[in-house]
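Note sheet for the following structure.
Reckoned from all heavy atoms, side chains included, excluding hydrogens, waters and symmetry mates. We count ligands from 1, going down the list as the structure has it; atoms in each ligand are counted the same way. Predicted, not measured: the structure shown is a model, and the values here were computed from it.
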Amino acid sequence: MANLLLLTAAGLLWTARAQPAPSVQAGIAAAIKNAANATGPLDYTAFVNPFIGTDNFGDVCPGASIPFGMVKFSTDLTGYAPAGYVTDPTQSIRGISPLHDSGTGSSLGTYGNFEIMPLLCPKGFDTCTTRLVTRERKRKNNTDVASPGYFAQTMNNNIKMEATATRRAGLERFTFPKGSGKPYFVLDLTNDLPNSFAGGTMDIDPDMGRITIGGLWGSSFGPGSFNYQAFACYDILDGGAQQLSEYGLWSGNPYGMDTKNLGATHLNLTFNLIGDHYEYGALFSYDGEPEEIIIRVGVSFVSADQACSNAESEVGGSTFEDIEAQAKALWNEKLSKIEIDVPNTPANVTELLYSSLYRASLTPNNATDETQGVFAGTSSFYFDSLYCSWDTFRTFYPLMSLHSPVEFAQIVDNYIDGWRKNGWMPECRANNLPGWTQGGSSGDVIVGHFATHYHNEAAALGIDLEELYSAAWTDGMVNPPEWDIQGRQSNVYNQYGFVPFAVLDPSSTGRQTREGSRTIEYAFEDFAIRQIAQLLGKTDDEALFANRSLNYRNVWDPTVVSDGFKGRDFTRKFNFTNPTHCSPVDNVTTECSLQGDNTNGFYESSSWEYSWFAPHDTAHLIELMGGNATFISRLDHFFKAGYFNVGNEPSFQVYPIGYHYANRPAQSVDRVRQVVFENFDITPAGLPGNDDQAAMASLLSFHLLGLYPVPSTTQYLVLSPFTPQYTIHNSYLDVSTTVTTVGFNSKSVQKTIPAGVAAYVANVTVNGVASGRCHFDFFDVFRVGGNVTIELTADKDEANDCLGNVPESLSTGGFSAAR
Ligand SMILES: *[C@@H]1O[C@H](CO)[C@@H](O)[C@H](O)[C@H]1NC(C)=O
Ligand SMILES: *[C@@H]1O[C@H](CO)[C@@H](O)[C@H](O)[C@H]1NC(C)=O
Ligand SMILES: *[C@@H]1O[C@H](CO)[C@@H](O)[C@H](O)[C@H]1NC(C)=O
Ligand SMILES: *[C@@H]1O[C@H](CO)[C@@H](O)[C@H](O)[C@H]1NC(C)=O
Ligand SMILES: *[C@@H]1O[C@H](CO)[C@@H](O)[C@H](O)[C@H]1NC(C)=O
Ligand SMILES: *[C@@H]1O[C@H](CO)[C@@H](O)[C@H](O)[C@H]1NC(C)=O
Ligand SMILES: *[C@@H]1O[C@H](CO)[C@@H](O)[C@H](O)[C@H]1NC(C)=O
Ligand SMILES: *[C@@H]1O[C@H](CO)[C@@H](O)[C@H](O)[C@H]1NC(C)=O
Ligand SMILES: *[C@@H]1O[C@H](CO)[C@@H](O)[C@H](O)[C@H]1NC(C)=O
Ligand SMILES: *[C@@H]1O[C@H](CO)[C@@H](O)[C@H](O)[C@H]1NC(C)=O
Ligand SMILES: *[C@@H]1O[C@H](CO)[C@@H](O)[C@H](O)[C@H]1NC(C)=O
């Protein structure tokens with residue numbers, strides 16, 4: 001959802017933190033070094049740093065998870081911590097909990113329910129500090145450790161908390177210092193990160209050693225009038241190896257209430273209208289002063305019984321080490337879909353790439369068989385936390401399309417099911433609830449991307465293309481009653497060919513803002529529908545949606561001048577706004593996001609930024625802007641003036657790869673190097689803002705691989721890889737594609753490519769046959785597999801020409817036939 005904190009984050013300086021443990025980076029560095037002498041298969045999890053993006057508003061969750069896991073076990077910290085954990089050593093730990101999202105950019109936070117906190121209560125049960133503010137504790141410095149499937153943190157009282165995960169369950173292990181006395185645990189009913197508790201129950205079964213919780217909570221990024229249900233099952237006796245001592249309930253509030261009820265077992269708070277006023281939960285202790293306590297946790301969105309059976313079936317009696325090894329194996333299977341020449345790749349590139357690939361498979365959360373509301377009992381796959389399709393259509397799903405058609409098809413099935421059950425495909429599902437629409441119906445582009453790549457395999461992958469088309473067509477044609485959560489204001493857009501600044505819409509509601517960016521996004525979504533229509537031979541619809549995809553031109557005002565450049569999106573035709581407003585250098589305090597007083601015309605962007613967005617028709621955009629030379633100087637100015645916002649999705653396209661479209665590909669190579677080294681690194685602050693459901697991770701992956709996707713097409717721009725060789729495995733298609741960077745020089749892998757160092761693309765071959773050097777097609781490359789060479793030269797001038805291979809545009813006859 002991009003940077004809700006876009007403007008406030010700018011200008012803050014972040015200093016090095018004491019977290020995570022130095023052993024994390026040391027271990028990764030050693031693993032990369034040792035790869036040179038490895039004999040067996042590499043352990044790709046050893047290259048992953050889960051802490052990248054846990055500072056500087058990256059909002060990444062470093063918690064224990066399997067790929068697309070429904071649970072991600074992490075500690076929850078005080079302060080700004082939407083994903084639970086943050087590195088900031090001034091913040092305190094409130095406990096550890098199983099449900100989190102990663103990279104969502106919601107300042108409220110999301111999930112964090114069912115939190116447990118180990119305590120020492122030397123003066124007994126009644127004296128335990130159970131409330132959030134009384135129990136919070138600073139960490140012990142340099143003890144935060146995480147790797148794929150594992151998370152650990154130690155508090156300054158030397159109690160260590162560890163977790164490992166399956167899809168819907170996990171194990172927690174708590175180690176108390178020797179001689180610290182009886183271990184206590186407080187377990188929350190009411191708490192979650194956004195303080196949204198709306199009612200629930202808690203039951204302690206002391207004989208069975210089981211605590212069940214269920215309740216209703218609210219969305220982190222959607223209307224407050226909706227609630228979701230969630231359940232947990234805590235098995236606290238480790239199969240009989242641990243004995244309970246005391247158990248009971250507690251309650252407290254900020255005004256002095258702090259009550260314990262020894263022996264009580266049942267809470268039934270049917271209804272909560274006043275929010276986080278009261279805190280409630282369980283409190284229990286163990287006999288015999290054990291130093292280690294194992295707790296098994298199951299989660300469900302269906303029922304407490306299902307939460308228990310998830311724990312039984314997924315964890316059963318397995319040890320912590322078993323579950324951890326199982327999670328690690330699942331991660332290696334995912335991470336090894338892209339293998340690079342580790343010994344000859346700069347170490348930071350290896351770590352950045354595998355950490356990014358890790359996050360690119362961390363979300364969305366696979367909640368198949370855990371459905372509620374209109375999805376209850378669906379026979380389709382179901383994924384929670386789609387967060388906004390506006391973030392993920394550009395790079396996240398295109399990256400997945402290269403190697404994971406099975407997973408991609410499951411997610412597409414889930415999008416289509418959204419249309420079946422709700423009438424329109426989901427735009428921004430958060431916490432199992434409809435979230436706020438950002439650009440319209442970007443799901444069209446996601447299913448369009450799948451269709452263009454896998455139409456031959458769609459039926460075998462469980463996707464009916466006609467149904468997929470109906471879902472996208474509905475998004476484009478059928479006006480929803482409330483487009484804040486259901487996609488597009490299509491009645492108005494279809495009538496005018498753009499969304500006017502002020503129009504009386506008699507048949508749907510939504511915030512009358514963002515007219516410029518909505519028009520531009522709707523037009524690209526229409527292009528995606530055109531692509532599917534073309535594929536299915538629906539020629540009338542193909543023509544209709546092709547026309548509509550050119551509607552981005554209807555918000556172009558050629559009379560506006562900004563910094564000497566003529567023409568801007570969305571201005572006088574509606575109401576003049578300064579094209580620099582809501583850019584990173586805007587010093588006007590106008591609202592830029594979903595607020596009702598965002599009259600700027602753009603969502604989380606400036607007109608300068610959105611003016612580049614017509615990925616399907618950039619050739620015409622170049623004409624509008626005054627030709628190739630002006631387009632290039634305008635791109636340069638966009639960057640120099642500070643209007644480029646790397647942490648915001650609309651900037652992915654066209655900058656920094658836009659020079660390709662003006663036939664200057666070597667300049668894209670320079671810019672990508674600069675953007676990567678100025679904005680990404682291997683530290684916790686190494687992301688330029690929210691990861692946005694791994695939109696940033698997948699953008700960075702493409703940059704490092706020297707590729708860039710054109711969404712909902714099979715076209716990939718070719719740039720200069722940061723590694724001498726990589727292989728992309730597509731096991732479903734049973735093909736592997738090895739890309740060799742001939743003439744790779746690690747000296748080119750820095751912010752400014754030194755003169756005389758080979759880095760620019762001289763020529764490209766695919767299985768021995770010369771290919772264009774600016775772009776190639778999925779069906780010629782990753783669909784068939786084999787060997788690709790990207791041969792580099794130091795002669796930038798020679799390489800700065802596509803030699804007739806400029807990426808396609810509709811208005812110059814591009815995308816003329818489906819592959
Ligand atoms: C932990 O690290 C923080 C930040 O670097 C520092 O302020 C604090 O003094 C450290 N605590 C200990 C116990 O060393
Ligand atoms: C790899 O093996 C070679 C030869 O035995 C040795 O010289 C080198 O130090 C080893 N490298 C690493 C990283 O262990
Ligand atoms: C909880 O209380 C409500 C009334 O407020 C009652 O209808 C319901 O049966 C109770 N549930 C349980 C599990 O005790
Ligand atoms: C999601 O979970 C279902 C049910 O376990 C499983 O069949 C499917 O493969 C999973 N998909 C992904 C992408 O994890
Ligand atoms: C597309 O637009 C052109 C030009 O406005 C128009 O002549 C043509 O009829 C349109 N085609 C369709 C299918 O709407
Ligand atoms: C139109 O723009 C002007 C100048 O930017 C501004 O003062 C005015 O409030 C805007 N009108 C509306 C309806 O937003
Ligand atoms: C924004 O800052 C610039 C440079 O300091 C200044 O010239 C300009 O007047 C400011 N604009 C507004 C609206 O404050
Ligand atoms: C831009 O350059 C390309 C490739 O040289 C050329 O085909 C195109 O006509 C040029 N566009 C304009 C508007 O001059
Ligand atoms: C690797 O990244 C670290 C942390 O950002 C940085 O200090 C170091 O200079 C980088 N090394 C290289 C060779 O780029
Ligand atoms: C590819 O580029 C290299 C470096 O510029 C050049 O030496 C070689 O002749 C080119 N090969 C072909 C087939 O064009
Ligand atoms: C790719 O290159 C490898 C190694 O040179 C070779 O064994 C293989 O046959 C090549 N594959 C194709 C499809 O050309």
Side-chain angles (χ1 to χ4, degrees), residues 14-17 19-20 22 24-26 28-30 32-33 47 49 51-56 58 87 339 341-342 344-356 665-666 669 673-674 676-688 700 703-704 718 720 722-730 733-754 756-774 780-805:
W14 290 85
T15 47
R17 305 293 201 186
Q19 309 305 331
V24 172
Q25 182 52 41
I28 295 167
I32 292 172
K33 197 162 168 249
F47 309 147
N49 185 345
F51 290 101
I52 295 176
T54 56
D55 191 3
N56 192 30
T87 52
E339 297 188 279
D341 175 3
V342 176
N344 295 304
T345 298
N348 282 6
V349 170
T350 300
E351 182 171 346
L352 281 173
L353 180 68
Y354 284 100
S355 303
S356 299
V669 168
R673 288 290 200 277
Q674 185 182 3
V676 167
F677 282 96
E678 284 184 352
N679 297 286
F680 295 91
D681 65 42
I682 57 172
T683 69
L687 289 183
L700 179 60
H703 283 339
L704 299 178
V718 178
S720 180
F722 288 54
T723 171
Q725 189 169 74
Y726 61 89
T727 301
I728 299 185
H729 300 285
N730 190 323
L733 296 176
D734 197 22
V735 297
S736 294
T737 312
T738 297
V739 177
T740 305
T741 318
V742 180
F744 176 81
N745 183 337
S746 59
K747 287 200 192 81
S748 78
V749 183
Q750 53 177 304
K751 187 171 124 182
T752 306
I753 297 166
V757 170
Y760 305 100
V761 179
N763 44 54
V764 177
T765 65
V766 177
N767 290 324
V769 178
S771 166
R773 68 184 181 184
C774 278
D780 298 326
V781 184
F782 302 108
R783 178 65 187 79
V784 290
N787 299 315
V788 173
T789 62
I790 297 178
E791 189 163 350
L792 301 180
T793 175
D795 186 344
K796 184 173 165 183
D797 291 339
E798 194 283 324
N800 207 14
D801 186 323
C802 288
L803 302 175
N805 187 234

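Side-chain polar atoms of T793 and D795 form no donor-acceptor pair below 3.5 angstrom.
Atoms of ligand 10 found under 4.0 Å from any heavy atom of E791 (numbered from 1 in listed order, with element): 1 (C), 2 (O), 3 (C). Against a heavy-atom cut-off of under 4.0 Å, N767 is close to the following atoms of ligand 11: 12 (C), 13 (C), 14 (O). Ligand 10 places these atoms under 4.0 Å from at least one heavy atom of A762: 2 (O), 4 (C), 5 (O). Close contacts of ligand 11 with G786, meaning ligand atoms under 4.0 Å from a residue heavy atom, involve 13 (C).
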Between T765 and T789, is the side-chain hydrogen bond (donor to acceptor under 3.5 Å, both in side chains) condition met? List the steps. CA-CA 5 Å; T765 65; T789 62; 2.4 Å; yes
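Protein non-hydrogen atoms do reach within 4.0 Å of atom 12 (C) of ligand 9. In this structure, atom 7 (O) of ligand 9 has no protein heavy-atom contact shorter than 4.0 Å. For atom 2 (O) of ligand 11, a protein heavy-atom neighbour is present inside the 4.0 Å cut-off.
The nearest heavy-atom contact from the protein to atom 4 (C) of ligand 9 is I682 CG1, 3.6 Å. Among all protein heavy atoms, the one lying closest to atom 5 (O) of ligand 9 is D681 CB, 3.5 Å. Closest to atom 14 (O) of ligand 9 among all protein heavy atoms lies N348 ND2, 3.4 Å. Here the heavy atom of the protein found nearest to atom 9 (O) of ligand 11 is N787 ND2, 4.7 Å.
A donor-acceptor pair is defined here as one N or O able to donate and one able to accept, closer than 3.5 Å; no such pair exists between the side chain of R773 and the backbone of L803. Remark: the backbone N or O of V735 is not paired with any side-chain donor or acceptor of N730 at under 3.5 angstrom. Between the side chain of N348 and the main chain of D681, no donor-acceptor pair closer than 3.5 Å is present.
Evaluated by nearest non-hydrogen atom to atom 10 (C) of ligand 10, the leading choice among D795, N763, V764 is N763.
Polar contact with ligand 10: absent for E798 (N/O pair, distance under 3.5 Å).
Every side chain to side chain donor-acceptor pair (under 3.5 Å) that T723 has, sequence neighbours left out, goes to T345.
Looking at V749 and F677, their side chains come closer than 4.5 Å, going by heavy atoms from C-beta outward. When side chains are defined from C-beta on, D341 does not count as touching F744, because their heavy atoms never get closer than 4.5 Å. Looking at F722 and V676, their side chains come closer than 4.5 Å, going by heavy atoms from C-beta outward.
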